[in-house]
Amino acid sequence: MSKLKYILPLFLALIISSCDQNCAYERYDTIENEKWDLAKTFTHEFDITDSMQWYNMYINIRNTTDFRNSNLFLFVTTTFPKGQMAKDTLECVLADPKGKWYGKGNDRFKDCKIMFKPKFRFSQTGKYKINIQHAMREQVVVGISDIGIRLEKIK
């Protein structure tokens, strides 16, 4: 029995770490009081060392049931290592027309993983910066608790 208490945690750690080997970058930012002001931009920075690697990039959104809309519009600005910039507008559909949330979760929090850039390569090596700002009509969006980016390697 004494060997089992050492082997079981090691086995569980191995399983957990192997489940996410393709994740190259992931980070969430918490939105204070679940009220996202238009002036607040969230910045993510990461290094790319291989311009031949294929990726999927996702925008991760954690909303609450207090969010009054079925979709969230975002401005996503990418700054490349040599200073070029690209700005995208992304519509994130969080609920169906009847109001059923697409995200996973219990109670009032729902997690959505929205595909932003499917199967793409970064054209340059170096540091990339991604800025995320909401693009809704109201100044303050209520009901978004966290926003993030996930970058997955494609094998």
Side-chain angles (χ1 to χ4, degrees), residues 16-155:
I16 291 169
S17 67
S18 67
C19 291
D20 217 6
Q21 289 178 343
N22 295 337
C23 182
Y25 176 86
E26 184 170 36
R27 195 185 91 213
Y28 279 91
D29 290 306
T30 300
I31 298 170
E32 192 173 334
N33 300 317
E34 299 162 8
K35 295 178 181 174
W36 190 357
D37 191 284
L38 184 61
K40 180 66 177 170
T41 301
F42 295 97
T43 302
H44 296 258
E45 291 185 14
F46 49 87
D47 285 315
I48 296 298
T49 57
D50 182 359
S51 63
M52 298 307 290
Q53 174 66 52
W54 291 93
Y55 294 92
N56 285 326
M57 187 184 300
Y58 299 90
I59 302 294
N60 293 333
I61 300 168
R62 184 171 293 128
N63 66 285
T64 71
T65 54
D66 297 330
F67 186 65
R68 295 178 294 177
N69 302 301
S70 63
N71 55 10
L72 173 70
F73 286 91
L74 301 174
F75 292 132
V76 182
T77 305
T78 304
T79 305
F80 294 77
K82 295 180 181 175
Q84 307 95 318
M85 296 175 78
K87 189 169 187 175
D88 294 288
T89 303
L90 179 65
E91 178 182 14
C92 306
V93 180
L94 304 179
D96 70 16
K98 294 182 180 181
K100 183 179 182 307
W101 298 107
Y102 289 131
K104 297 177 183 176
N106 297 326
D107 298 324
R108 61 186 290 265
F109 291 96
K110 306 297 177 190
D111 290 310
C112 277
K113 184 175 167 182
I114 307 293
M115 179 66 77
F116 173 49
K117 298 274 186 189
K119 195 175 181 189
F120 80 101
R121 287 193 257 191
F122 289 98
S123 60
Q124 304 168 10
T125 58
K127 186 175 293 292
Y128 282 79
K129 187 185 326 182
I130 309 268
N131 293 319
I132 304 173
Q133 180 182 28
H134 85 71
M136 301 294 282
R137 290 183 177 156
E138 56 263 21
Q139 179 72 26
V140 177
V141 173
V142 176
I144 303 296
S145 66
D146 300 272
I147 190 81
I149 290 180
R150 179 177 174 88
L151 189 60
E152 292 180 359
K153 292 181 180 180
I154 299 173
K155 293 191 176 197

Where is the tightest heavy-atom contact between [X] and [Y], given as atom of each residue plus distance?
X      : Y      : value
Thr78  : Tyr128 : CG2-CD2, 4.1 Å
Ile154 : Lys119 : CD1-CA, 3.7 Å
Ser145 : Glu34  : CB-CG, 3.7 Å
Leu94  : Cys112 : CD2-SG, 3.9 Å
Gln53  : Arg121 : O-CG, 3.2 Å
Gln133 : Leu38  : NE2-O, 2.7 Å

Next item on the list: Return the orientation label for the Phe122 and Tyr55 ring planes: parallel under 30°, perpendicular over 60°, tilted otherwise.
Entry: perpendicular

Considering residues, nucleotides and ligands other than [X], do more than 12 of their heavy atoms fall under 6.0 Å from its [atom1]?
X      : atom1 : result
Lys35  : NZ    : no
Gln84  : CD    : yes
Lys153 : NZ    : no

Check: With a 4.5 Å heavy-atom cut-off, do His44 and Tyr25 have their side chains touching?
Finding: yes

Margin query: Here's a test for you: under ring-ring contact (aromatic ring centres under 6.0 Å, His included), which of Phe42, Trp36, Phe67, Phe73 qualifies with His134?
Written below: Trp36

Check: Testing Val141, Leu72, Ile144 for side chain to side chain contact (heavy atoms under 4.5 Å, CB included) with Asn63, which one passes?
Finding: Ile144

Notebook entry, point to check: Hey, is Asp111 close enough to Lys104 for a salt bridge, meaning N to O under 4.0 Å?
Noted result: no

